[in-house]
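Let me begin by presenting the structure, written as C-alpha cells, before commenting on it.
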Amino acid sequence: MEREKLKALLDDMSLQEKIDQMLQLMGVFYQEDMEGILTGPARNMGVGEEDIRLAGSILGTYGAAKLKKLQKEYMEKQPHHIPMLFMMDVIHGMKTIFPMPLAQGATFEPELSEKCAAAAAKEAAVSGLHVTFSPMVDLVRDARWGRVMESNGEDPYLNSRFAKAQVKGFQGEDMGAPYKVCACVKHFAAYGGAEAGREYNTVELCEHTLRDFYLPSYKAGIDAGAGMVMTSFNTLNGIPASTNKWLMREILRGEMGFDGVLISDFSAILETIAHGHSADEADAAKKALEAGVDIDMMTSVYSANLRKLVEEKAVDEALIDEGVMRILELKNRLGLFENPYKDADEEEEKTVILCREHRNLAREAAGKSFVLLKNEGLLPVDTEKKIAFIGPYTNNHEIISSWAITGDASSCITIEAAAEKVFDRERTTFHPGCPVLGPKEVKGLAGFGDAKPVSVPEEEQEKMLAEAVKAAKEADLVIMPLGEHYLQSGEATSRAMIDLPEVQMRLLREVAKVNENIVVVLFNGRPLDLREVSRLAGSVLEVWFPGTEGGAAIVDALTGKVNPSGKLPMSFPYCVGQVPVHYNAYVTGRPDNMGQVRFRSKYIDIPNEPLYPFGYGLSYTQFEISPVRLDGDAVTAKKALTASVTVKNTGERAGTEVVQLYLQDIAASVVRPLKELKGFRKVELKAGEEKEVTFVIDEPMLRFLRADGTVGSEEGDFSLFIGNSSNTDNQAKFRYEA
C-alpha cells in the first residue's frame, strides 16, 4: 500500500481505534470462551471487550491454522479491516532449536548465525508469525545474570557482527518476502548491565561506557534494517527506559536514525509506577508516549488512559498518530494489507518444521559452538576402550535452553541415542549417576507453563550414585555429561553462586576417586566457576545448551569427527567474586604488573585474571602463530596499515583456528581498554599446512568517544595484537598520524 493510502487510512480511524492499534495482548485473550476471558484476565488487566476486538497485535500464539482463523475473525470485526500482527519469542529457533545465542557467539562465525536465523524465520513464518523478539544484543559482563545466554557475549565488536547477521537472517533484504519475519532488537538499552547481575535491577553506567561499549551492537542491528526495537526494564540515568525521552527520542530515533516500531517489554510501561517514576497509569501512559513507545505490551496503560489524556489536552493526538503510522507501516512492509496471512500454511508446516536441512544446520552450528577448555590427551576418545557415560545429561532431552519456548525437548537427540550408533555397545555403558538438581536446588525453579524440575528421592539418588561408581571403576574412560538445569539460566534466574549443582559435584568427586580418566561435557547457559571441575577432569568440553541436534553434535566432537573450534565469547571467572569480569577492562593507575607487592589493583586471595579468558579455546591439533608483520609504521586518515601473521597447523589432524586481532590505544584523552577486538578470521588448515592471515587497520578502527564528547581518532601510539585468545602477547607497534 502506498504511503498516501496509509495516511488516508490513519486519518479515517477513530481515536480509540488508533489507541487499540498500540495495544498488544497475549493469545489467551482470543480463546473461544470470551465470557471467561472478560471475567478473568481482561478484568484483572483492565481491558474491555472492545479493546480485545481491536488490539493491533498479539504475542505468544503460533500455528498456521490457528492464526489464520484469528486473522480472518479479527479483520472481519476491525472497522477498517486492518490486519493484526502476530509476534513470538523465537530466540534461537522455532521448532528446530539451534545453539543458544551465547553458544552461537562462540562460533565466531556470524554468517552461520545468519543461516540459523533464516531457518528459524522460515519455520516461524509458515507457523503464521510476523515478528520475532530477537536478536537480544545486550552486552553481558556478569555471569550471575541469567540472561547472558541470550547475548553473544562481552565484546561490542563481536556482538555487533552477530546483531547484523541475525537481523539479516530473520528479515533478509525484504521482510515482506516469503519466509521472512520482522526482527526486534532488544533490550534498549544496557539491560545487561544490571547491578549485581540481579534481574530487572538498576543500571548505573556513565555515558562514556554506555556509548563506547553498550550502544554499538544496538546500532549495528538498526543499521541492518531491524523493523522493531524493544525497550528494556531497567533505569538509565535514573529514568526507566520505557519513559526515557533522552534515550528513545534523542539517541534511538535521533542519533541512530531508527524509524521503525518501538515496543515496550512485557508490562514495562506499567512498571514505571513501581520504579517510582510515574505517579499512576495515566502518568505512565503520557511519559511513554512522549518518549516514543508505539506498542504497550500486555497492560491497559495506553488503551485505558490515552483517550482521556487527549480529550483533556494533556497529550497531543499527533503523538498517537505518529506511533500508529509506524505500526501501519510495519504491517505494510510485511505485505499484510495484500496478504494478511503472509506465509501461514498448514501443509508447509509439516514439511518445513524440523526438516532434515534445518536439523543438519543445527548439528553443524552446535559442533562449531563447542569450546574445548582442557584436554590432557583424553579427547578425541578411543572408541575401542571400555567407556562409561555417567551424568544426568547422558540421556537428557532437555538441552534447548529456557528461552526456546516454542521448541520441544522430545525432538532433541540425546548423547546416549547418538552414542549408541557409534560406540561399541559391549564396551559402553550409560548411567545418569544423579539427577540434574538436588531437592534443595529444585525449589523455586519454574519455567513457562508447567515446566519445572523433577525431584528425585534420596534413596533413589544413592542407588544411582552406587551404580555410577561401580561402572566408573570398571571403565577405561569416563565421560561425564554434567551441567546446569535449563531452568537455571534465562530470564529471572540470577544466581549468586555459579557452581555446578552440588548433587552433580558429589557425583564427580566420587567418580574421580575410582577413575582419573574423566572427560566432562558441560551443559550451561552462563559461565560457571569451574575450578574444581577443571582440577578433577582430564578434559572439559563446553557444549552450552546445544539445541535439537545437540547429542549428535557432541558425539561428533567426542569421537573427533568434528574438531572443536569454538572460542569463549564471555570470560569464565576464576570464581564469582571476580564478576563482572571482562577482557576489555581499563588498566588503572596501579596495575597488578607494577613492581610493588601490596599497593596494587588486585585481590589478595584470588587472581585478577579469569580462569578461561574471552577468545580462548583449544583444538585436537596445535597451531603456531608467527610474530606480527606490518607493512608500515603508521596509519593516517588516507592510508591504512596491513598486519599479517602466518598460521601453521603443527599437529597431526586438520583443524580450524580463530585468529583474533586486538588493538590498544596507548594514551588518549580518555582511558582506553587494555585490548579491544577489532577483527577475526577463521582458518581451516590440514596437518602441517600453513596460511598467511592479514588484517587491514584503517582510521575508522581507531575511533572512540573522546573527552569532548565527539567520536573520532587521536594521534598517538598503538599496540596491535594477533593471537588465538584475548590474552595473547604477540604484538607490534604503530602510530596514528592525523
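One-based numbering along the sequence shown.
Across L236 and A189, no two heavy atoms sit closer than the pair CD2-O, 4.4 Å. Closest of all the heavy-atom pairs between A365 and C116 is CB-SG, 3.8 Å. What you find for A190 and L205 is that their closest heavy atoms are CB-CD1, 3.7 Å. Closest heavy-atom contact between L10 and D321: CD2-O, 3.7 Å. L15 and R307 get closest at one heavy-atom pair: CD2-CG, 3.9 Å. What you find for A285 and L306 is that their closest heavy atoms are CB-CD2, 4.0 Å.
A salt bridge between R253 and E322 is absent, with no side-chain N of the basic residue lying under 4.0 Å from a carboxylate O of the acidic one. A salt bridge does not link E311 to K308: none of the charged side-chain nitrogens sits closer than 4.0 Å to a carboxylate oxygen. Salt bridge present: R211 and E207 bring a charged side-chain N and a carboxylate O closer than 4.0 Å.
A 6.0 Å sphere centred on CG of D11 holds more than 12 heavy atoms belonging to other residues, nucleotides or ligands. Within 6.0 Å of the CD atom in E312, the count of heavy atoms belonging to other residues, nucleotides or ligands exceeds 12. More than 12 heavy atoms of other residues, nucleotides or ligands shown are found within 6.0 angstrom of CZ on R706. More than 12 heavy atoms of other residues, nucleotides or ligands sit less than 6.0 Å from atom NZ of K678. By the 6.0 Å contact criterion, NZ on K180 is enclosed, its count of non-hydrogen atoms from other residues, nucleotides or ligands being greater than 12.
Taking the side chain as every heavy atom from C-beta outward, P580 and R144 approach each other to under 4.5 Å. Residues P135 and F162 form no side-chain contact, since every pair of their non-hydrogen atoms from C-beta on lies 4.5 Å or further apart. Residues V47 and I52 meet the side-chain proximity criterion, which asks for heavy atoms closer than 4.5 Å. Using a 4.5 Å heavy-atom threshold, the side chains of Q488 and T493 count as separate. The shortest distance between side-chain heavy atoms of L247 and T231 does not fall below 4.5 Å. Inter-residue side-chain proximity for L129 and M94 is flagged as met; some heavy-atom pair is nearer than 4.5 Å. Counting heavy atoms from C-beta outward, T272 and K287 have side chains that stay 4.5 Å or more apart. Inter-residue side-chain proximity for P573 and P527 is flagged as met; some heavy-atom pair is nearer than 4.5 Å.
Pairs engaging residues 97-112 under the salt bridge (charged side-chain N to carboxylate O under 4.0 Å, His left out) rule: E109-K368, E109-K682, E111-R161 [sequence neighbours left out].
At least one donor-acceptor pair closer than 3.5 Å links the side chain of N152 to the backbone N or O of P101. K186 contributes a side-chain N or O that, together with a main-chain N or O of F133, makes up a donor-acceptor pair within less than 3.5 Å. At distances below 3.5 Å, at least one donor-acceptor pair connects side-chain atoms of Y74 with backbone N or O atoms of A55. One N or O on the side chain of S402 and one on the backbone of S489 form a donor-acceptor pair closer than 3.5 Å. Checked by atom type and distance alone, the side chain of N305 pairs as donor or acceptor with a backbone atom of V301 at under 3.5 Å. The main-chain N or O of M230 is never found under 3.5 Å from a side-chain atom of H187 such that the two would form a donor-acceptor pair. Counting only distance, with no hydrogens or angles, the side chain of D155 and the backbone of L158 share a donor-acceptor pair below 3.5 Å. Between the side chain of S300 and the backbone N or O of M45 there is at least one donor-acceptor pair closer than 3.5 Å. Under a 3.5 Å cut-off, the side chain of D294 and the backbone N or O of L262 do form a donor-acceptor pair. Distance alone, capped at 3.5 Å, is enough to place a donor-acceptor pair between the T132 side chain and the V90 backbone.
Side-chain rings of F545 and W403 stay apart, their centers remaining 6.0 Å or farther from each other. Aromatic pair Y662/Y583: centroids less than 6.0 angstrom apart.
Looking at residues two or more places apart in sequence or on another chain, you find a side-chain hydrogen bond (donor to acceptor under 3.5 Å, both in side chains) between E317 and K18.
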Run the side-chain contact (heavy atoms from CB on, under 4.5 Å) check on V261 and V131 step by step: do they pass? CA-CA 11 Å; V261 171; V131 179; over 6 Å; no

For E290 and K286, what are the C-alpha separation, side-chain angles and deciding distance, and is it a salt bridge (Lys or Arg N to Asp or Glu O under 4.0 Å)? CA-CA 6 Å; E290 290 175 345; K286 181 178 187 297; 2.8 Å; yes

Apply side-chain contact (heavy atoms from CB on, under 4.5 Å) to residues L6 and F337 and explain how you reach the verdict. CA-CA 10 Å; L6 282 180; F337 287 102; 3.8 Å; yes

Residue pair I400, Y486: steps toward the side-chain contact (heavy atoms from CB on, under 4.5 Å) verdict: CA-CA 8 Å; I400 59 175; Y486 79 98; 5.9 Å; no

Given the rule in the side-chain contact (heavy atoms from CB on, under 4.5 Å) test, do Y214 and V203 qualify, once you have shown the distances and angles that lead to the verdict? CA-CA 12 Å; Y214 284 82; V203 170; over 6 Å; no

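Here CG of L139 is found 9.0 Å from CE of M570. Values are rounded to the nearest 0.5 Å. Between the CG atom of D89 and the OH atom of Y62 there is a distance of 12.5 Å, given to the nearest 0.5 Å. Distance CE/M100 to CZ/R526: 9.5 Å, rounded to 0.5 Å. For the atom pair Q104 CD and F98 CZ, the distance stands at 8.0 Å (nearest 0.5 Å). The line from CG of L252 to CG of D259 is 10.0 Å long, rounded to the nearest 0.5 Å. Note that OG of S726 and NZ of K675 are 6.5 Å apart. Values are rounded to the nearest 0.5 Å.
In summary, the side chains of E491 and Y200 do present a donor paired with an acceptor at a separation below 3.5 Å, with no hydrogens or angles considered. Side-chain contact check for E154 and S571: at least one donor-acceptor pair (N or O, by modelled atom type) lies under 3.5 Å. Between the side chains of Q24 and S57, at least one donor-acceptor pair of N or O atoms lies under 3.5 Å. With 3.5 Å as the limit, one finds no donor-acceptor pair spanning the side chains of S494 and E199. With no hydrogens or angles considered, no side-chain donor-acceptor pair links T235 and H275 at under 3.5 Å. At a cut-off of 3.5 Å, with distance as the only test, a side-chain donor of D138 or Y218 sits close to an acceptor on the other residue.
Under the 30°/60° scheme for interplanar angles, the aromatic rings of F108 and F680 are found to stand perpendicular.
Stacking of R672 on the aromatic ring of F704 is recorded, both the 6.0 Å distance cut-off and the 45° axial limit being met.
When Q166, H92, K168, K164 are each tested for a side-chain hydrogen bond (donor to acceptor under 3.5 Å, both in side chains) with S113, only one passes: Q166.
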